[in-house]
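Structure first, then comments.
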Amino acid sequence: MSYGSSSSGARGGRRVEYGRTYVVRPKGRHQATIVWLHGLGDNGASWSQLLDSLPLPNIKWICPTAPTRPVAAFGGFPCTAWFDVEDTSVDGRDDIEGLDASAAHVANLLSSEPSDVRLGIGGFSMGAATALHSAACYAHGRFTNGIAYPITLSAAIGLSGWLPCSRTLKSKMETSQTALRRAGALPILLSHGRADEVVTYRNGERSAEILRSSGFQFLHLKTYNGLGHYTIPEEMDDVCKWLSARLGLDRSRG
């Protein structure tokens, strides 16, 4: 069943074409599938290589590439982006249409996974923002446009990112006890460097505060002194430990 496609409508009726998707197959028993979303101007290939090197043999990684679109932050210059963005902060204008389209694309990628496999979403920077938007849609039970969210998430990870649609999240979540229950049971890991010059640490911190106040209590914010807008082995080690614990993964390749 399809909940989004390789092309979807964008603002003004323009079609948006998603780029190539890279898949890292599990080296052991398949226990989880995670869609991992790259940052602004990047593609799925670079992250697939890093994720393939992690000691997580029971995870299948799906690394899509965002559409190439004009980006307001770059004066309209086109690059790969999950949605249009002017300001990488919780106070920025939200491209809800773009966010919903990318969240639907992610849900579609996960929709055909085996029923006994746990599903997760993660990302870096703008990819982290899209992952957090997806987590909010899952908890609320529907995308911002009202269409039902079709899959069950077991984990969400955001590295060096921010929470989009933050101004309306709390009131949206409080309309449903089911939504609050789902939010409270979803493990979320946020990682942020204190020296991040692109998405400031304060935006990562505020994102965690807003998520917690909106019902996402199962959240851990991990901070790294001296870390800028990139990832380091220590951070990825922490991601591995967190995923293994939260998803109950085997640590062997058998």
Side-chain angles (χ1 to χ4, degrees), residues 22-39 42 44 46-63 106 110 113-114 116-125 127-132 134-136 138-139 151-163 182-196 199 201 203-205 207-209 211-212 216-254:
Y22 299 80
V23 177
V24 178
R25 302 287 174 187
K27 301 171 181 67
R29 185 164 65 94
H30 185 192
Q31 293 180 288
T33 298
I34 298 175
V35 169
W36 192 270
L37 305 171
H38 62 75
D42 201 0
S46 57
W47 276 100
S48 70
Q49 294 164 13
L50 173 60
L51 296 168
D52 191 28
S53 71
L54 299 181
L56 293 169
N58 305 105
I59 294 181
K60 172 184 175 182
W61 299 95
I62 301 177
C63 303
V106 170
L110 290 169
E113 291 301 292
D116 62 341
V117 166
R118 295 190 175 189
L119 306 178
I121 297 177
F124 174 80
S125 191
T130 307
L132 292 178
S134 297
Y138 157 68
I151 60 171
T152 298
L153 292 180
S154 295
I157 299 172
L159 310 184
S160 306
W162 73 96
L163 175 67
R182 275 196 292 256
L186 178 64
I188 298 178
L189 174 65
L190 300 183
S191 297
H192 220 106
R194 290 187 179 274
D196 194 325
V199 183
Y201 175 74
N203 271 295
E205 194 175 45
S207 297
E209 291 167 356
L211 283 164
R212 285 196 186 106
F216 294 85
Q217 298 295 325
F218 200 178
L219 181 150
H220 179 62
L221 174 61
K222 180 77 175 177
T223 63
Y224 299 87
N225 292 326
L227 178 64
H229 198 65
Y230 50 88
T231 189
I232 53 175
E234 178 190 352
E235 184 180 34
M236 296 313 297
D237 287 345
D238 290 336
V239 168
C240 290
K241 292 171 188 171
W242 186 86
L243 278 171
S244 294
R246 295 292 167 261
L247 298 180
L249 300 177
D250 297 340
R251 293 309 294 263
S252 68
R253 290 174 178 254

Under the salt bridge (Lys or Arg N to Asp or Glu O under 4.0 Å) rule, collect the residues that match up with D52, sequence neighbours excluded.
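Scan of D52 (salt bridge (Lys or Arg N to Asp or Glu O under 4.0 Å), adjacent residues dropped) gives K27.
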
For E234, which residues count as a salt bridge (Lys or Arg N to Asp or Glu O under 4.0 Å) partner, sequence neighbours excluded?
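Scan of E234 (salt bridge (Lys or Arg N to Asp or Glu O under 4.0 Å), adjacent residues dropped) gives none.
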
Specify the closest pair of heavy atoms between [X] and [Y], including all atoms of both residues, with the distance to one decimal.
X    : Y    : result
Y201 : L221 : OH-CD2, 4.1 Å
L190 : G204 : CD1-O, 4.4 Å
A128 : G158 : CB-CA, 3.5 Å
L247 : A32  : CD1-CB, 3.8 Å
A156 : A135 : CB-CB, 4.1 Å
R246 : R118 : O-NH1, 3.4 Å

Taking only residues two or more places apart in sequence, or in another chain, which ones meet F216 in a ring-ring contact (aromatic ring centres under 6.0 Å, His included)?
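F216 satisfies ring-ring contact (aromatic ring centres under 6.0 Å, His included) with no other residue.
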
Are [X] and [Y] close enough that some pair of their side-chain heavy atoms sits under 4.5 Å apart?
X    : Y    : answer
L159 : V239 : yes
V24  : Y22  : no
F218 : I188 : no
E235 : K222 : no
D42  : F124 : no
S160 : V199 : no
L37  : W47  : no
I157 : L243 : yes

Measure the [atom1]-[atom2] distance between [X] and [Y] for me, rounded to the nearest 0.5 Å.
X    : Y    : atom1 : atom2 : result
I151 : L153 : CD1   : CG    : 5.0 Å
I62  : R25  : CD1   : CZ    : 8.0 Å
S53  : L51  : OG    : CG    : 7.5 Å
L249 : L56  : CG    : CG    : 6.5 Å
S134 : L119 : OG    : CG    : 12.0 Å
L219 : R212 : CG    : CZ    : 5.0 Å

If only atom types and distance count, is the side chain of R194 paired as donor or acceptor with the main-chain N or O of T223 below 3.5 Å?
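Side chain of R194 to backbone of T223, a donor-acceptor pair under 3.5 Å: no, none is there.
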
Side chain S207, main chain L163, donor-acceptor under 3.5 Å
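The answer is yes, because a donor-acceptor pair under 3.5 Å joins these two groups.
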
Which residue, V35, I34, L50, T33, forms the side chain to side chain contact (heavy atoms under 4.5 Å, CB included) with W61?
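Of the listed residues V35, I34, L50, T33, the side chain to side chain contact (heavy atoms under 4.5 Å, CB included) partner of W61 is I34.
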
Would you say the side-chain atoms of S125 and H229 include a donor-acceptor pair closer than 3.5 Å?
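Yes, side-chain donor-acceptor contact under 3.5 Å.
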
Evaluate the criterion side-chain contact (heavy atoms from CB on, under 4.5 Å) for residue pair T130 and I121; output intermediate values, then yes/no.
CA-CA 9 Å; T130 307; I121 297 177; over 6 Å; no

